[in-house]
Each structure stands twice: as C-alpha cells, then as structure tokens.
Amino acid sequence: MSSRRSVRCAPRLLRRVGRAARTTARPLRRAVTYTRWLHLLLGATFAMVSGFVLPGYTDMTWTTWLQAVLVPTVPAAAIGLIPLMRRVEGLQAQLMLFPGPHARGGGRTARAPRISAAPSASWAERARTSLWVVVRLEAGCLTATLSLLCLPQFISLVAVAGGGSADEGAPLLWEPEGRWRALLLLPVPLVVLFGGVIVLGAGVAAAAGRLLGPSPAQRLAELEERTERLLERSRIAHELHDSIGHALSVAVVQAGAARTAGDPGFTERALAAIEETGRAALEDLERVLLILREPERPASARPALTEAERLLASARAAGAPVDASVTGAVDRLPGPVSRECYRMLQESLTNVVRHAGPVPVRVRIAVLDDRVELEVVNPLPAGGGGPLGERGGSGLRGIRERAALLGGRAETGPVGGEWRVGARLPLRGTAGDRATGSVAGPGPPAPSGRPRWFGGGGGPVG
C-alpha cells in the first residue's frame, strides 16, 4: 500500500523539484545578472591598480588583501566629490545596473529606480556620490574575490572529477576523496559565486537608487512639472470641448431647422451661420494646436470676453433670442479672467442651444471694482429638470473648475422654472484681500439644497 502511494507521489515531487529548480535558475537567465557582475568587477579596478602601484603587495595574503581593499577608499571618496563623477556613475548605473525591462526579465511593466545622470549640483549630491563610489569599490572587491576563488575551485573540481589532479586548476580548499565526491561538489563553487553576484548586484542596485537617484528637491521639482503638464492637458481638453462642442451644437441645430423650415431664405441664413461658426471653431482649434506645437507661445492669443458678441451672434443665429446686458469696462479685465469668462459664456450658450433649443436667453456681464459677474438664464425644457441634471456633465464641471482656478465660484442648476449658470470671479487676488474677506469667496451653502444666486432672491442679478 505504501509503495503505491510512493509511486503516486513521485511525479508530484518531481514537478515540485522542477519548479523549484526553474525558480532558482531564473536569475541566471536574465541579462541583468551578468551586466551587474561586470559593473561590480569594474568597481574593483581602482583597488587592483592600487595593489599594483603601492609597494609591499608582492605576496597576496589576507593582510595585504585588506590593505588593498581599504587603502583606496580615501582617494575614491575624494574622487566622488568631483561634480562630473555623478554623471559618469549615473550613466554606468543606467546601462549596467538597470539595462531595461527586457534584460531584467520583468516585462514592459517593470520599472527601474530613477538614476540621475547630471553633474552634482550641491554638496549633498557630492557627498552621496562620494559614498556611492566607496560602496561600489567595496562591493566590487568582494565580487572580484569571489570570482578569483570560486572559478579556479570549479576548474580544479572538474579536473579531479575527470581523473586528473587539482594542480591543473588551483589548490582546493578541501580535497575530495575520489572522482564521485568531486563530481558531487562540482556545483558548489558556482552556486556560491552566482549567489554572491546576485545578492551583491541587488544590493548595489538598491544603493544606486538611493545615492544616485534624484534628491528630494529634484523630486519636488519633477512633481511640480508633472502637475503643470497635467493642468495644461486639462486646460486644452476644456478648450477643445468648449469651442468644438459649441460649433457642433450650433451647426446641428441650424441644419435641423433649415431642413424642417422649407424656406430658402432661412436655409441660406442657417448655412451662413454654420459657416461662420465652423470658421470660428477652426480658429480656436488652430490656437490650441499652435500651443501644442509651440509651448512658449503666450496664452493671449486665446479669445477673451471682448469677443463675446461673436458667441451671442452665434446663439441668435441658432434661433435663440438673446437679451444681453454688459456693464463695466470689459476690455480692462485681466487676461486670465477675461479668457476664462469667455469660455464659461461659450459653454453656457452651448448648453442652451444643445439641450433647450431656441428659447429666450438672458445674459448678464457685470464688471465691478473687485469682481466680475456672469449669469446666463434660460427657461427649462418641457421635460423639466436641468439639461444635464443637478450635477451636470463635463462642461458644467469645467465651468466650476475654471472659476475655482481663479479664486471664484460658479453655480449651476434649476431655480424657479429656469436653468441658471452664475459665476463670480475676484479681481483682487492678494493674500491680504482674501484674509480680510474683501474678495468674493465661496460663501455659505444655499438653503434647501438650492443654488445661492449672486444677486440674491433666487432671480437674475440686476
């Protein structure tokens, strides 16, 4: 009975042994193991040169070996203080410690630590580079020692297992009795050598990530740059959504109205409105693409609130009667405020045309001493509720984000059978104004979950 159980368990045991062997041998199949081995051996060249140059190293003993390992640390640390050494060591680490995902065996998703390849910019970076040179030197000496001990031992064991003598390789640390014992001991030097190389290589790679990686200040600068890029991408997405979405909405409404009207005169006016709106959208698209092609181009080329008449004319051409009221010096608004107000007005009118159709629209723009107020009001569609619900879609969210970015606020939602979009942006954004409350802030929440409109009383301002 026990023999049958042993027979059944033998294949399972062999599979486990095979999996363990494949897992153990996996590092040997990766190119990074051998590139790190080379990197470690190169780190020992300074100690080897010192051993040849300094007197007293004719007979290599443990004492002279320790001297050869420890004496070069002082000049090596001094060399690490040279700013250019950080670039040299960084490039070597990138090429040999972290050669790439294909060499590390981690696939495309494997990530290596950030290694700096720039000269030292501060004494802190010089000190880290100096410490790295010492660590690399000592780890390289250990690797060279393992290589000089284990490889000759392996050659000697091969000679003994083949019927020869150990003199063909190197004196064995422990002389085996017989060829079979030598054959059994044959993998031991290789296991010790490759195990030491793998461990030392991983340790040096970890040290490189800490000593040659970017400093906290560099990481913070990179994080800020990445944040700026993400904000720029978000802004470009809003620009495209507002301009192209507005043009397409007007074109769709005009085309549908022209098809159902059956009036040649109306059709001609609708086609003219579609053409004008399309050209304006192409201009906006060209501006955005020009910013992408030329990042240094100033943002002043974007449309501002002084061009609001173009948006009002486009909405009127779509069949929506627009009653506009503009007070104050719009042309004196700061550039960022004027451009963001233009985009908020564009998105508001786009939502009216797209979701409510040709309904009356009231637009109010008021430039005051400390703020600018924008309000767009239109009747709710027959189905009731807002065009996109209480929370709104990406366009309404973009309006709120634009207002918050400039320190103001925007509120959208149905009030009294009308859909209202209101925004208020401060014109005095100093820290003192915010502290004293002279700049319009978010304010308390509206009662009963309804939007609190800037003019008070739930109606349009003014």
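Worth saying up front: this structure is predicted, and the values here are computed from it rather than measured.
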Inter-residue atom distance Thr412.OG1 - Asn351.CG, 0.5 Å rounding: 9.0 Å
Rounded distance (nearest 0.5 Å) linking atom CD1 of Ile82 with atom CZ of Arg126: 9.5 Å
Pairing residues for Glu125 by the side-chain hydrogen bond (donor to acceptor under 3.5 Å, both in side chains) criterion, not counting sequence neighbours: Gln218
Minimum side-chain heavy-atom gap Met96-Leu38 below 4.5 Å: yes
Exam field: side chain Thr45 to backbone Leu42, donor-acceptor pair closer than 3.5 Å: yes
For the student: nearest non-hydrogen atoms of Ala139 and Leu200, plus distance: O-CD1, 4.2 Å
Minimum side-chain heavy-atom gap Leu312-Leu349 below 4.5 Å: yes
Min side-chain heavy-atom separation Pro360-Asp323 under 4.5 Å: no
Main-chain N/O of Met344 paired with Ser348 side-chain donor or acceptor, under 3.5 Å: yes
Summary of side chain to side chain donor-acceptor pair (under 3.5 Å) pairs that have at least one residue in residues 75-89, sequence neighbours excluded: Arg86-Thr129, Glu89-Trp132, Glu89-Arg136
Distance, nearest 0.5 Å, that separates NE2 of His355 from OG1 of Thr350: 9.0 Å
Residue pair Arg409 / Ala403: nearest heavy atoms and the distance that separates them: C-CB, 3.6 Å
Charged N-O contact under 4.0 Å between Arg402 and Glu340: yes
Heavy-atom closest pair, residues Leu345 and Ala308: CD2-CB, 3.8 Å
N/O donor-acceptor pair under 3.5 Å between Arg424 side chain and Glu373 backbone: no
Spatial distance of atom SG (Cys341) from atom CG (Leu425) [nearest 0.5 Å]: 4.5 Å
Any donor-acceptor pair under 3.5 Å from Ser130 side chain to Ala77 backbone: yes
Rounded distance [0.5 Å steps], CG in Leu190 versus SG in Cys150: 8.0 Å
Val337 side chain reached by Leu406 side chain, heavy atoms, under 4.5 Å: yes
side-chain hydrogen bond (donor to acceptor under 3.5 Å, both in side chains) against Ser120, all qualifying residues, sequence neighbours excluded: none
Considering all heavy atoms, the nearest Glu347-Ile399 contact: CG-CD1, 3.7 Å
Heavy-atom side-chain proximity of Leu142 to Thr145 below 4.5 angstrom: no
Candidate pair Leu28 and Tyr34, rule side-chain contact (heavy atoms from CB on, under 4.5 Å), full reasoning: CA-CA 8 Å; Leu28 303 180; Tyr34 304 96; 3.9 Å; yes
Stepwise side-chain contact (heavy atoms from CB on, under 4.5 Å) check, Phe46 with Val133: CA-CA 10 Å; Phe46 190 73; Val133 173; over 6 Å; no
Val134 backbone acceptor or donor facing Thr73 side chain under 3.5 Å: no
Ion pair check, Glu309 and Arg316, cut-off under 4.0 Å: yes
Check: Gln92 side chain, His39 main-chain N or O, donor-acceptor pair, under 3.5 Å: no
Test item: Ser314 side-chain N/O and Leu311 main-chain N/O as donor-acceptor pair under 3.5 Å: no
Side-chain heavy atoms of Arg362 within contact of Arg420, under 4.5 Å: yes
Note, Leu333 side chain near Tyr342 side chain (heavy atom, < 4.5 Å): no
Shortest non-hydrogen separation from Thr306 to Asp331 and the atoms involved: CG2-CA, 3.7 Å
Heavy atoms of other groups near Asp369 CG, more than 12 under 6.0 Å: no
Rounded distance [0.5 Å steps], CG in Leu148 versus CG in Leu41: 8.5 Å
